[in-house]
Amino acid sequence: MSPTRNRGLLAAAAAVIILAAGSGIAAQAAPQSGNNDSPAADSVLADSFKAVDRSTSWELTGKLKLEFPTHHPQGIAYTDDHIFLSSVEIVERTVKYPSPRDGYDRTAGKGVGHLFVMDKAGKLQKDIILGEGDMYHPGGLDFDGKNIWVSVAQYRPNSSSIIYRVDAATLQAEKQFDVPDHFGGVVMDRQTGHLVGHTWGSRRFAEWNLKGKELATWKNPNHFIDYQDCQYVASSQALCAGVTVLPQTPAAGGTTAAYELGGMALIDLAKRTTLHDVPFQKWSTAGHAATRNPFKLTADGNHLTMHVAPDDAEEGNGTEILTYEATVKTVR
């Protein structure tokens, strides 16, 4: 079945569900896997994303409510069989120090790191516990066609992390190596076979071989947003999304009335530059910018499908995987 025909059937099915519900977005609508695990699919996604701009019309086409304690979701990935969602369960919140102590600006806090494994309907199948000691904060996810890659860090900057590899078929997690800093996300560069991670606030990148040897490090040249969840695309490129929190005007409440600016960026891991970035100001049920944490983008030609999960378990309607779609005009 062709991708175009397949998308048409899915749209028709979604329309039937919406009509049956009477109004609103279908809560049962589950995102498709859309695995970008081939060079051709990666290249199409990169080209299509470069055609996205501030005027691109994104339509909310689905909401999938997760009916289990999701805590504070961080990253998302899709395989043919599963949806993977990383999340941090906060047991004791960190507390800022009046002044830094032993190189840290806050206490370690306490928590539990989760990698939730779901079926395509969002039903929980397995809860993989990740982390050790003060390292309990999983970050963004990347799927390389066989393995899920995830970092689990201390919940404070300038700290430490563990990089894990999780077999997407067997669901077995294996510690790959330790790194001496907080890394909030990691991608597998399929062109080099190396891993690339970003630190707290994505202010710095680092590249390692699979034994954990640091090969390079560089500052993020982009200060538009803080990347939260990244995925590999074509030719040593990564597509990242996230937010930054900015103050309002004094008349609107100033720093006590800050707002979230969401956005996406395509970055070149080899040249260490930003190729294209764009804001994304759609909002979740709880009022968060949609790109706040988990993010996945796929392309079917010039048709883009985005899956995001910005809300925590105790917010709004709980964690919902939101699906947005847009069609762009690509120029080659």
Side-chain angles (χ1 to χ4, degrees), residues 25 31 34 45-46 48-64 66 70 72-78 85-88 138-142 184-185 187 198-203 220-231 233 237-249 252-253 255-267 274-299 304-313 315-328:
I25 301 300
L45 176 57
S48 295
F49 178 73
K50 290 174 184 175
V52 174
D53 59 28
R54 286 186 293 177
S55 65
T56 297
S57 178
W58 292 91
E59 180 184 0
L60 178 64
T61 59
K63 287 185 180 182
L64 178 63
L66 303 183
T70 55
H72 180 32
Q74 299 295 306
I76 196 167
Y78 291 85
L85 184 77
S86 61
S87 182
V88 56
L141 303 180
D142 190 34
V187 295
H198 58 82
T199 60
W200 185 278
S202 64
R203 293 306 91 205
N220 185 354
N222 193 316
H223 296 271
F224 170 45
I225 56 171
D226 294 344
Y227 306 142
Q228 302 292 321
D229 197 9
C230 298
Q231 64 187 82
V233 290
Q237 297 171 29
L239 184 59
C240 300
V243 296
T244 189
V245 178
L246 299 172
Q248 293 276 24
T249 64
T255 56
T256 62
Y259 73 96
E260 294 177 355
L261 172 64
M264 302 171 283
L266 181 67
I267 59 177
T274 302
L275 301 173
H276 185 66
D277 57 19
V278 64
F280 189 81
Q281 288 303 89
K282 296 290 186 178
W283 307 97
S284 69
T285 301
H288 290 296
T291 55
R292 179 184 178 224
N293 276 316
F295 162 83
K296 174 69 174 180
L297 190 67
T298 61
L304 292 165
T305 301
M306 179 192 304
H307 303 307
V308 291
D311 291 347
D312 296 346
E315 298 179 307
N317 194 37
T319 299
E320 300 169 310
I321 299 177
L322 308 178
T323 301
Y324 291 92
E325 297 184 60
T327 299
V328 296

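Computed from a predicted model, the values in this text were never measured in an experiment.
The side-chain contact (heavy atoms from CB on, under 4.5 Å) check on D226 picks up S202, R203, Q228, with sequence neighbours excluded. Take T244 and apply the side chain to side chain donor-acceptor pair (under 3.5 Å) test, not counting sequence neighbours, and it matches no residue. In this structure, the side-chain contact (heavy atoms from CB on, under 4.5 Å) partners of D277, at least two apart in sequence or on a different chain, are N222, F224, A265, T274. Not counting sequence neighbours, the partners of W58 by the side-chain contact (heavy atoms from CB on, under 4.5 Å) test are V52, T56, M264, F280, K282, L297, L304, M306, Y324, A326. Contacts of P247 classified as side-chain contact (heavy atoms from CB on, under 4.5 Å), with partners at least two apart in sequence or in another chain: T255. For D142, the side chain to side chain donor-acceptor pair (under 3.5 Å) criterion is met by no residue, not counting sequence neighbours. Remark: E315 pairs with H288, R292 by the side chain to side chain donor-acceptor pair (under 3.5 Å) rule, at least two apart or across chains. For T199, the side chain to side chain donor-acceptor pair (under 3.5 Å) test picks out no residue, with sequence neighbours left out.
Using a 4.5 Å cut-off on side-chain heavy atoms (C-beta onward), S87 and Q74 make no contact. In this structure, the side chains of V245 and Y259 stay at 4.5 Å or more apart for every pair of heavy atoms. Annotation: side chain of F49 is not in contact with side chain of V328 (no heavy-atom distance under 4.5 Å). Looking at P310 and N293, their side chains never come closer than 4.5 Å, going by heavy atoms from C-beta outward. Between E320 and T285, some side-chain heavy-atom pair lies under the 4.5 Å cut-off. Side-chain contact between I76 and I321 is present, with at least one heavy-atom pair separated by less than 4.5 Å. Annotation: side chain of Q237 is in contact with side chain of L266 (closest heavy-atom distance under 4.5 Å). With a 4.5 Å cut-off on side-chain heavy atoms, L322 and L60 count as touching.
Shortest non-hydrogen contact noted between A286 and G316 is CB-N, 3.8 Å. Across all their heavy atoms, E260 and A289 have their closest contact at OE1-N, 2.8 Å. When every heavy atom of A257 is checked against every heavy atom of A252, the shortest pair comes out as CB-O, 3.1 Å. Considering every non-hydrogen atom in both L45 and T298, the closest pair reads CD1-C, 3.9 Å.
Donor-acceptor pairing under 3.5 Å is lacking for the side chains of T319 and D311. Between T61 and E325, the side chains place a donor N or O and an acceptor N or O closer than 3.5 Å (distance only, hydrogens not considered).
Within the 6.0 Å centre-distance limit, the rings of Y78 and H307 are counted as a close aromatic pair.
One distance of note links NZ of K63 with OG1 of T323; it measures 11.0 Å at 0.5 Å rounding.
Of the possible donor and acceptor atoms, one in the side chain of D229 sits under 3.5 Å from a partner among the backbone N and O of L141.
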